Every structure is written in structure tokens, then in C-alpha cells.
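Comments concern the structure below.
Bear in mind the structure is a predicted one, so any value in this text is a computation, not a measurement.
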Amino acid sequence: MHRNAVMKTESGAVNFVKSELFARTFSEGMTLVEETANYLDGDGRITSKALPRDAALGYAASSMRLTTQLMQIASWLLVMRALREGEMSITEACDEKYRVRSKIEPVSESLNADAPQELSALISRALALHQRIARLDLELFNGEQVQAPTLDAHAQQEALLQAFGQN
């Protein structure tokens with residue numbers, strides 16, 4: 001990385017990890033990880049056993065993808081906290097292995113009409129958080145200004161209706 005880019009990254013990342021935005025994002029991410037783990041180990045496990053075979057397979061695939069996505073989110077948040085606490089240098093935090101992939105395989109593709117609403121809600125929250133963190137990561141560590149994607153509410157509503165078999 002070029003020296004000017006490192007200085008810009010250092011300043012931006014250090015300011016970010018000391019900000020209220022980071023504190024809120026960290027709290028939101030870790031809370032979501034905990035809620036998801038509790039659901040998948042509790043009510044979700046019970047609910048999945050009652051699903052028809054195809055729905056149960058979709059549930060299993062979706063829960064694995066969701067768990068993977070949340071592990072990536074938690075890992076990034078913990079790296080940022082280590083940077084804030086001085087446990088990791090900016091040079092270490094800039095390492096490619098800590099970057100968040102912005103392109104992910106959509107979890108919802110495995111879901112069908114029988115999917116529990118709780119799982120669908122967790123997936124939606126995780127996707128929104130992942131997209132936000134991927135934008136932050138790109139902006140902080142690649143020195144790019146990232147525009148938030150425009151949201152097409154109608155297209156999202158159609159996708160949800162299709163995912164739940166109501167279209």
C-alpha cells in the first residue's frame with residue numbers, strides 16, 4: 001500500500017474505531033450473533049424438526065450460510081476492537097485476510113415458503129449489517145468513497161414474496 005494511502009487509512013480507521021458509530025455497530029453485530037446462536041440452538045432447532053423434508057434442507061443450508069456470514073461480521077468487528085484497544089496495529093488490521101467480502105451468496109436462496117419467520121428476520125438483519133460493514137471496510141481500508149446502494153423497495157418486496165411463495 002502506498003504511504004499516503006496508509007496514512008489516510010490509519011487516520012480514517014483509527015477515528016472510526018474510536019467513534020460512537022463503531023460502538024453502535026459493534027454492539028449491534030455482537031447482539032445479532034448472540035440472538036442468532038440462541039435461536040438456532042433453541043427455538044430454531046425445534047422448529048426445523050417440524051418442517052417438511054425440503055424445507056428442513058433449506059433451513060439447514062440457510063442457517064449454515066447465516067452462521068458463516070455472522071462469523072465474518074464478528075471477526076471484522078473484533079479486529080476493529082483490537083485496533084481500538086491497541087492490541088493490533090493499523091498495519092496488521094490492513095491485512096487482506098481481515099477484509100470483508102462485499103459479494104456474498106444470498107442466504108435467502110435456500111429458503112422456501114415453509115421457512116420460519118424468525119430465521120428470515122435474522123437473515124435480513126445480517127444481510128443489512130454485512131452490507132454496511134462491507135461498505136465501511138472498503139472505505140476505511142481501500143481509501144474509496146463508497147456510495148450506499150439505491151434501494152428498490154418494490155424489487156425487495158417482490159423478492160420477499162417469492163421467497164415465501166406468495167407470488
Within a strict 4.5 Å, meaning less than it, do heavy atoms of the [X] and [Y] side chains meet?
X: Arg45; Y: Tyr39; answer: no
X: Leu129; Y: Leu70; answer: no
X: Gln69; Y: Leu127; answer: yes

May I have the step-by-step check of side-chain contact (heavy atoms from CB on, under 4.5 Å) for Val33 and Leu77, ending in yes or no?
-> CA-CA 11 Å; Val33 167; Leu77 291 169; over 6 Å; no
Measure the spacing between [atom1] of [X] and [atom2] of [Y] and express it to the nearest 0.5 Å.
X: Leu122; Y: Thr67; atom1: CG; atom2: OG1; answer: 10.0 Å
X: Thr31; Y: Arg125; atom1: OG1; atom2: CZ; answer: 8.0 Å
X: Leu32; Y: Glu28; atom1: CG; atom2: CD; answer: 7.0 Å
X: Leu138; Y: Arg135; atom1: CG; atom2: CZ; answer: 10.5 Å
X: Ile123; Y: Ser62; atom1: CD1; atom2: OG; answer: 4.5 Å
X: Met71; Y: Ile73; atom1: CE; atom2: CD1; answer: 11.0 Å

Work out which heavy atom in [X] is nearest to a heavy atom in [Y]; give both atom names and the distance.
X: Gln72; Y: Val100; answer: NE2-CA, 3.7 Å
X: Ala74; Y: Met30; answer: O-CE, 3.9 Å
X: Pro116; Y: Thr47; answer: CG-CG2, 3.6 Å
X: Tyr59; Y: Leu40; answer: OH-CD2, 3.4 Å
X: Ser89; Y: Leu83; answer: C-CD1, 3.8 Å
X: Ser48; Y: Ala56; answer: O-CB, 4.0 Å

Counting only heavy atoms not in Glu87, do more than 12 sit closer than 6.0 Å to its CD atom?
-> yes
Hey, does the side chain of Arg99 reach the backbone of Trp76 with a donor-acceptor pair shorter than 3.5 angstrom?
->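 Side chain of Arg99 to backbone of Trp76: no pair is present.
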Could you tell me whether a side-chain N or O of Ser27 sits under 3.5 Å from a main-chain N or O of Ala23, the two making a donor and an acceptor?
-> no
Going through the checks in order, is the side-chain contact (heavy atoms from CB on, under 4.5 Å) test met by Met80 and Tyr98?
-> CA-CA 10 Å; Met80 295 299 102; Tyr98 299 122; over 6 Å; no
Is Val17 reachable from Leu21 through a run of hydrophobic residues whose side-chain heavy atoms are each under 4.5 Å from the next?
-> yes
From CA spacing to verdict: side-chain contact (heavy atoms from CB on, under 4.5 Å), Ile90, Phe141 | CA-CA 10 Å; Ile90 189 66; Phe141 294 99; 4.2 Å; yes
